[in-house]
Amino acid sequence: MAFLLERLKRFKQYLIYIPQVLELIWQAAHYWMAGWCILLIIQGLLPAASIFLSRALVDSLVSAAGQGMAWESLRPVMIPGIAMVGVLLAGELLGSLTTWVRTSQAELVQDYISGLVHQQSIVIDFACYESPEYSDRLERAREGASRQSLSLLESLGSLLQSTITLGAIAAILLTYGPWLPLLLVISALPALAIGLQLNMEQYQWSQRTTSDRRRLSYYEYLLTSNWTAAELRLFSWGEHFASAYQRLRRRLRREHMQLIRRQTLSRLLASAIALLLSGLAVVWMAQQLLLGLLTIGDLALFYQAFSRGQSIIKSFLSNLEEIYRNSLFISNLLEFLALKPEVIDPPNPKALPSPLQHAIEFNQVSFAYPGSDQKTLSNFSLMIPAGKITAIVGDNGAGKSTLIKLLCRFYDPTQGSIQLDGIDLRQFSTSELRRAITVLFQSPMAYYVTAGENIALGDSNTTFSQQELVKAAQGAGIHPKIMGLPQEYESQLGKWFSGGTDLSGGEWQKLSLARAFIRQAQFIILDEPTSAMDPWAEHEWLSRFRKMAYRRTALVITHRFTLARQADLIYVMKAGKIVESGNHDELLRQRGLYAQSWLAQTGELKVKV
Ligand SMILES: Nc1ncnc2c1ncn2[C@@H]1O[C@H](COP(=O)(O)OP(=O)(O)OP(=O)(O)O)[C@@H](O)[C@H]1O
């Protein structure tokens with residue numbers, strides 16, 4: 001008993017999610033939900049009606065037996081008979097109607113919950129995407145989202161139906177003795193306890209193996225994606241990941257099978273106990289019949305009521321188990337939907353300086369990525385003058401891209417501040433700040449839409465004219481290529497969809513540059529903008545860049561010194577610190593790290609005096 005109470009306590013803990021899920025479903029499909037409930041209530045009463053009618057039918061048949069086919073003797077049989085046919089027909093009709101209502105409801109709920117998950121994915125902190133815990137949570141939320149909510153709704157519906165039927169059957173059985181309905185309930189308790197325990201085990205196993213399942217999806221992606229197809233063939237690592245997949249699947253399958261075996265045995269035990277108890281009830285009824293205390297109709301009713309009751313209790317319990325199981329899984333969805341961004345707007349955001357008058361400044365900034373105890377930046381200071389082009393050069397891992405993430409407020413510094421004309425970034429509205437920045441990221445996105453859309457995505461709130469698209473494409477040096485495509489700016493890009501054309505790495509990069517340029521933002525940040533370009537393309541692009549960046553504040557992160565030399569101000573960064581700064585000539589004169597790297601890249605060291 002203590003074991004059952006403990007299980008029920010845990011069950012209760014997860015039941016708190018049910019009202020929230022019902023609210024979600026109600027918001028998604030309230031009319032359908034209301035109609036569905038009415039249908040379930042009627043269906044819940046039908047079995048009791050049919051049990052009740054069966055007694056009347058049997059008793060009328062018994063009294064009509066042997067009296068021939070005269071209307072007088074048939075009439076008492078006809079009424080319960082016709083009523084019984086009506087009940088059976090109504091059952092069929094309502095069953096089909098329920099299926100239709102449930103399917104429509106399911107479609108609506110599925111889209112509504114997917115919408116919520118997508119919306120939350122858009123607003124949640126960027127940091128979440130760099131955390132494996134978040135990825136696990138998202139995976140669980142996505143896995144469970146609509147399927148489990150609907151399953152929960154169905155179980156609740158069946159529970160409602162079973163409760164009504166059970167109540168009606170219990171009322172019928174009560175007339176034969178109060179202990180009969182009690183026995184019916186007691187016979188079900190072992191199954192309930194076992195069910196709750198098994199579901200908790202199943203849930204815990206699923207939680208424990210989320211990362212493994214994500215890894216499986218990753219292996220699958222490696223083996224089947226077009227992004228990986230070339231390296232897979234060249235480096236022949238297909239077998240490596242295929243057997244890693246099989247190994248992991250084998251382990252998960254073994255664990256799952258063990259779980260299922262235990263579940264089957266436990267359920268068998270519970271059914272045996274239930275069978276034993278119902279056997280006792282049947283023996284008692286048979287004894288009552290032999291003593292002449294019951295009629296054949298009573299026996300027919302009792303037999304139906306008890307066997308129906310048993311099977312309804314079984315489904316009642318499996319509904320309870322399902323509700324418990326789905327609530328456990330839905331807790332992931334609701335936890336995911338409840339995540340609040342930590343990078344938030346101040347109560348009264350200040351107006352962004354527009355245009356920037358003085359500078360963007362990093363003041364004594366320290367920063368460590370969440371979950372990492374190593375500081376990427378420590379007491380870091382930097383000044384990016386307004387309306388100028390500033391370049392940052394430095395080793396891999398020096399922290400250059402981290403500066404961009406901080407500037408866009410994907411993260412906030414652990415210490416210190418980043419200021420625009422002396423005002424801390426945290427005092428602006430995040431969306432306004434981000435609208436003022438355009439970034440070409442180190443690994444830009446290749447969107448599989450048309451060439452024109454690829455550029456226009458730079459500002460999805462604005463509708464651009466063809467002329468504006470062309471201007472941005474010319475600035476990035478991709479216009480001639482687009483004009484050579486089958487449908488020019490209307491050409492579908494990428495190989496995912498029919499009629500698409502793929503671009504080279506450098507061409508995708510130029511297209512991303514065009515996307516960055518079309519955005520009318522006062523701050524331009526480019527992370528390795530020419531890394532995939534050939535020297536000719538780079539040279540051509542450099543001469544246009546000044547024009548594109550005119551009067552805007554630009555920050556260019558690069559390993560290419562030929563690009564950095566174009567900047568008004570160059571910073572050399574090493575291990576999270578600025579070690580040199582100045583323009584190209586000043587830095588060459590310093591004969592430090594910059595001068596050495598310049599010499600290594602270009603083979604010349606002519607210093608203007
Ligand atoms: N999401 C992250 N979580 C933890 N550490 C990170 C994360 N992103 C970057 N780092 C670490 O921060 C340091 C700086 O990374 P960052 O990407 O800023 O370097 P970078 O100077 O841009 O390098 P590169 O020139 O190779 O692009 C690196 O040591 C990197 O391992």
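As the structure lists them, so they are numbered: ligands from 1, and atoms in each ligand from 1. Heads up: numbering here begins at 1 and tracks the sequence.
For the residue pair Asp459 and Gln520, no side-chain donor N or O sits within less than 3.5 Å of a side-chain acceptor on the partner. With hydrogens and angles left out, the side-chain atoms of Ser465 and Glu468 include a donor and acceptor closer than 3.5 Å. In summary, the side chains of Tyr489 and His479 do present a donor paired with an acceptor at a separation below 3.5 Å, with no hydrogens or angles considered.
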For ligand 1, what N or O to protein N or O distances fall under 3.5 Å?
| residue | atom | partner | partner atom | Å |
| --- | --- | --- | --- | --- |
| ligand 1 | 1 (N) | Glu130 | OE1 | 2.7 |
| ligand 1 | 12 (O) | Thr376 | OG1 | 3.4 |
| ligand 1 | 18 (O) | Ser401 | N | 3.3 |
| ligand 1 | 18 (O) | Thr402 | N | 2.9 |
| ligand 1 | 18 (O) | Thr402 | OG1 | 2.5 |
| ligand 1 | 19 (O) | Gly399 | N | 3.4 |
| ligand 1 | 21 (O) | Ala398 | N | 3.1 |
| ligand 1 | 21 (O) | Gly399 | N | 2.9 |
| ligand 1 | 21 (O) | Lys400 | N | 2.9 |
| ligand 1 | 21 (O) | Lys400 | NZ | 2.9 |
| ligand 1 | 22 (O) | Ser401 | N | 2.9 |
| ligand 1 | 22 (O) | Ser401 | OG | 2.7 |
| ligand 1 | 23 (O) | Gly397 | N | 2.8 |
| ligand 1 | 25 (O) | Asn396 | ND2 | 3.4 |
| ligand 1 | 25 (O) | Lys400 | NZ | 2.7 |
| ligand 1 | 25 (O) | His559 | NE2 | 3.1 |
| ligand 1 | 26 (O) | Asn396 | ND2 | 2.8 |
| ligand 1 | 27 (O) | Gln442 | OE1 | 3.4 |
| ligand 1 | 27 (O) | Gln442 | NE2 | 2.7 |

Side chains of residues 384-405: which donor-acceptor partners sit under 3.5 Å, not counting sequence neighbours?
| residue | atom | partner | partner atom | Å |
| --- | --- | --- | --- | --- |
| Asp395 | OD2 | Lys574 | NZ | 3.0 |
| Lys400 | NZ | Gly394 | O | 3.2 |
| Lys400 | NZ | Asp395 | O | 2.8 |
| Ser401 | OG | Asp527 | OD2 | 2.8 |
| Thr402 | OG1 | Tyr369 | OH | 2.8 |
| Lys405 | NZ | Glu130 | OE2 | 3.3 |
| Lys405 | NZ | Tyr369 | OH | 3.3 |

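Scanning both residues, Ala476 and Lys510, for their nearest heavy atoms gives CB-O, 3.1 Å.
The number of heavy-atom neighbours closer than 6.0 Å to CZ of Arg551, taken from other residues, nucleotides and ligands shown, is 12 or below.
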